[in-house]
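Heads up: the structure comes next, in structure tokens.
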Amino acid sequence: TGRVLFESRGHFVEPSWSPDGQWIVFRRMNGDARRGTTHIGETGIYIVAAAGGEPRLVRESGSAAFFNTIGDRLFFNGNEGGSSALQSMDLNGGDVVTHFTGANVQEWAVSPDNAWIAFVQGWRTYIARFSRAGRSVALASNASGYPVRQVSAESGTFLHWSDESTLHWLVGPEYFTRTLAETFAFLDGAADEPAEPDTAGVDIGFTAQSDVPTGTVAFVGGRIITAAVDPGAHGATNGVIENGTVIVERNRIVAVGPASQVQVPAGAHVVDVAGRTLMPGLIDGHAHFGSAGGGLTAETDWPYWVNLAFGVTTAHDPSNSNEMIFSDAEMLRAGLKVGPRLFSTGQILYGAVTPSRSRTESYEDALMHIRRQKASGAESVKSYNQRRRDARQWILQAARAEGINVVPEGGSTLNQNLAQVIDGHTTVEHNLPLANLYDDVIRLWSQTEVGYTPTFLVSYGGISGEFYFYDRWNVWENERLMTFTPNNGVEARSRRRIKAAGDADYHHIDVARAANALNQAGVLTAIGPHGQLQGLGAHWEIWVFTQGGMSNMNAIKSATINPATMLGFDSAIGSIEEGKLADLLVLGSNPLDDIHNTEDIDLVMVNGRLYDARTMNQVGNHPATRPVLAHERVPAAAPGR
């Protein structure tokens with residue numbers, strides 16, 4: 001039976017017992033916009049009596065603390081000289097000792113007897129003796145004269161010891177076990193030769209039922225922008241059915257066509273959309289949602305809700321935490337959370353020298369990185385700051401072997417962008433730094449299948465497009481946006497805003513002209529608001545395409561079928577066609593007349609569930625009131641003037 005240790009509320013993680021069971025050490029985190037900013041306080045490492053009492057702050061920084069075997073000191077993860085460090089301190093936070101440092105070390109795990117240390121360095125797992133040298137040891141996988149052995153062939157996360165001689169770790173859904181006797185030949189009872197690094201574990205994965213609503217919904221009498229590749233499909237004229245019907249059974253579109261040709265099934269829930277416009281749900285090709293911290297998953301994530309309220313039914317996030325984003329994607333798919341259908345690269349394959357660096361010195365290195373990300377749930381990887389072209393090519397080669405997309409950034413470096421195009425990456429993310437493209441670049445790119453996600457809202461080379469909209473609109477007055485977004489972030493950026501004399505001062509318009517030229521030459525283009533402003537930013541990206549001369553229809557395709565095709569999802573989403581997943585929008589006005597009408601959304605359907613886009617209450621044949629979001633529980637602060 002559980003018991004309450006103390007009454008104060010907060011965001012608490014990483015509890016660990018003392019050897020005698022009398023004390024518990026834990027970490028207190030700050031709140032965030034997802035879990036809420038109530039019950040925040042002095043963060044850091046605390047201890048509390050197991051019998052209950054007032055927690056005591058031991059140290060303001062550090063994480064993953066645990067007691068030593070005697071119980072008189074606390075180990076914790078820290079930092080020294082910019083490198084990850086395993087440190088310890090007394091129970092008052094004093095006498096801090098650095099035991100190990102390690103460049104590119106992602107995790108540490110000390111055995112219960114404090115005699116061994118496991119660590120992940122460069123995404124591979126190792127075991128070493130716990131040095132008692134009385135000084136800090138720079139631990140490395142290639143250390144000489146010191147017992148260090150690699151135990152995982154390719155990767156390892158969530159290191160933990162079950163006893164003094166048995167280490168465990170995870171690679172996606174596989175659970176690995178390794179004993180010291182298998183690892184070091186000099187130990188009593190060990191084999192004559194250490195075992196090779198492990199390549200196969202025990203599959204502890206499981207499947208869950210995807211959320212699929214019941215029943216049939218019929219949208220009758222509206223204009224349908226199909227966004228189909230074939231503009232004449234389903235009786236459309238130039239991709240438009242003027243008086244059409246769409247039938248959705250459960251989560252699939254089963255019929256599309258002129259109202260005179262599509263029969264509404266008996267018992268269907270009928271939605272009269274006469275005078276309104278239907279179009280596919282928006283696909284954000286370059287989203288950044290961030291994530292909750294410390295492994296605490298919020299039940300309601302406002303970025304997901306606001307994106308769905310603005311019609312984003314699918315999103316691709318090219319940089320996030322493996323731990324959080326893939327579990328969120330699965331929870332969304334299972335109906336345990338509400339938001340867009342979600343895909344992500346997870347942790348980027350970062351080439352720069354950081355603790356999370358994905359060093360790629362060979363094809364085998366690249367294959368390991370691709371496989372570890374795929375095992376966690378990635379359908380794409382982000383090749384970022386991999387300065388060497390051979391490393392980028394190895395990543396591409398390995399990704400093709402594993403059926404994974406590669407979405408790189410060029411870091412505002414034209415020669416790297418062009419090499420990425422020539423080498424055949426899935427897309428180029430972020431704009432080319434030169435806005436005025438000549439025929440040689442356009443012809444080169446048009447002969448490839450590489451897509452382009454220019455992220456106008458963060459355009460390299462000048463004022464970013466985001467600020468254009470703060471300049472021209474009172475963004476904080478957007479009722480839908482402010483309903484689902486914590487207002488402090490919006491007001492801080494939009495009330496005190498950059499002002500420019502005219503459109504010529506805004507670089508993103510030149511970038512859009514270049515994107516339109518590429519699109520006219522056959523290059524697929526896609527919206528990618530980069531998380532600059534959740535939800536509404538997707539519409540800004542659509543509108544910017546038209547600022548560059550793109551037609552309204554092609555701008556809509558850049559938000560629907562184009563990103564679906566670029567990312568390989570076009571057989572399931574991106575257009576209103578039979579057999580596809582039921583992701584669609586009902587608009588009060590026609591975006592082909594005025595592209596700004598994309599924001600005039602009345603209803604959003606994602607995976608067959610229908611929502612009132614202004615309240616996000618579920619309507620149709622499964623009515624339900626939406627939950628209260630974290631920021632709605634806190635009285636809004638007075639707006640700054």
Side-chain angles (χ1 to χ4, degrees), residues 13-17 64 66 105-113 115-128 141 147-185 187 189-210 294-297 321-331 333-334 336 344-347 356 358 364-379 381 398-399 401-404:
V13 295
E14 300 165 358
S16 182
W17 292 90
F66 61 96
V105 168
Q106 288 90 34
E107 288 187 53
W108 307 95
V110 179
S111 63
D113 60 359
W116 300 89
I117 183 165
F119 61 102
V120 177
Q121 186 173 50
W123 305 105
R124 293 179 171 91
T125 306
Y126 303 85
I127 301 177
S141 58
V148 178
R149 290 286 299 180
Q150 181 179 338
V151 295
S152 72
E154 291 197 330
S155 181
T157 57
F158 299 104
L159 303 184
H160 58 284
W161 297 78
S162 58
D163 57 40
E164 296 176 350
S165 63
T166 309
L167 177 70
H168 308 274
W169 66 92
L170 288 169
V171 179
E174 284 191 280
Y175 189 73
F176 288 78
T177 299
R178 183 66 171 246
T179 65
L180 293 174
E182 295 174 283
T183 308
F184 296 102
L187 296 177
D192 293 338
E193 292 292 332
E196 291 298 314
D198 290 335
T199 59
V202 176
D203 188 353
I204 60 171
F206 63 92
T207 59
Q209 187 68 39
S210 295
L296 297 181
T297 297
S321 154
N322 281 12
E323 178 185 13
M324 304 305 297
I325 197 69
F326 295 127
S327 60
D328 267 2
E330 292 176 357
M331 292 178 74
R333 193 167 299 173
L336 301 175
S344 180
T345 64
Q347 177 72 46
S356 60
S358 296
E364 288 70 28
D365 284 346
L367 190 61
M368 182 271 288
H369 293 311
I370 296 295
R371 285 175 172 170
R372 67 179 174 82
Q373 289 302 104
K374 183 178 179 179
S376 292
E379 296 193 38
V381 295
E402 294 292 320
I404 294 291

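Just so we're clear, the structure is a prediction, and the values are computed from it rather than from any experiment. Numbers here are sequence positions counted from 1.
- At a threshold of 4.5 Å between non-hydrogen side-chain atoms, the residues W123 and S356 count as touching.
- Contact check for T297 versus M324: side-chain heavy atoms found under the 4.5 Å cut-off.
- Under the 4.5 Å side-chain criterion, counting only non-hydrogen atoms from C-beta, P194 is not in contact with F184.
- Contact of the T183 side chain with the R178 side chain is registered, since non-hydrogen atoms from C-beta on lie closer than 4.5 Å.
- Atoms CD and CG, on E330 and L336 in that order, are 10.5 Å from each other to the nearest 0.5 Å.
- From R149, atom CZ reaches atom CD of E182 across 11.5 Å, with rounding to the nearest 0.5 Å.
- Looking at D203, its side chain does come within 3.5 Å of a backbone N or O of G205 through a donor-acceptor pair.
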Please output the side-chain donor-acceptor pairs of residues 155-163 that fall under 3.5 Å, not counting sequence neighbours, one pair per line with the distance.
unit_1, atom_1, unit_2, atom_2, d
T157, OG1, L170, O, 3.0
H160, ND1, F158, O, 2.9
H160, NE2, Y175, OH, 2.9
W161, NE1, A109, O, 3.0
S162, OG, H168, NE2, 2.8
D163, OD1, S165, N, 2.9
D163, OD1, S165, OG, 3.3
D163, OD1, T166, N, 2.9
D163, OD1, T166, OG1, 2.9
D163, OD2, T166, OG1, 3.4

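- Outside the 6.0 Å centre-distance limit, the rings of W108 and F66 are not counted as a close aromatic pair.
- Between P197 and V151 the shortest side-chain heavy-atom distance does not fall below 4.5 Å.
- A heavy-atom distance below 4.5 Å is not found between the side chains of E164 and W116.
- Ion pairing between D328 and R333 fails under the 4.0 Å rule for side-chain N and carboxylate O.
- Annotation: side chain of L167 is not in contact with side chain of F176 (no heavy-atom distance under 4.5 Å).
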Donor-acceptor contacts, no H, no angles, side chain residues 366-378, under 3.5 Å, sequence neighbours left out:
unit_1, atom_1, unit_2, atom_2, d
H369, ND1, R372, NE, 3.1
H369, ND1, R372, NH2, 3.2
H369, NE2, R359, O, 2.9
R371, NE, E402, OE2, 3.2
R371, NH1, E154, OE2, 3.0
R372, NH2, S358, OG, 2.9
Q373, OE1, N322, ND2, 2.8
Q373, NE2, N322, OD1, 3.2
Q373, NE2, T345, O, 2.9
Q373, NE2, Q347, O, 3.2
K374, NZ, E402, O, 2.8
K374, NZ, E402, OE1, 3.3
S376, OG, R372, O, 3.3

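- Put simply, the side chain of L180 reaches to within 4.5 Å of the side chain of I127, judged on heavy atoms.
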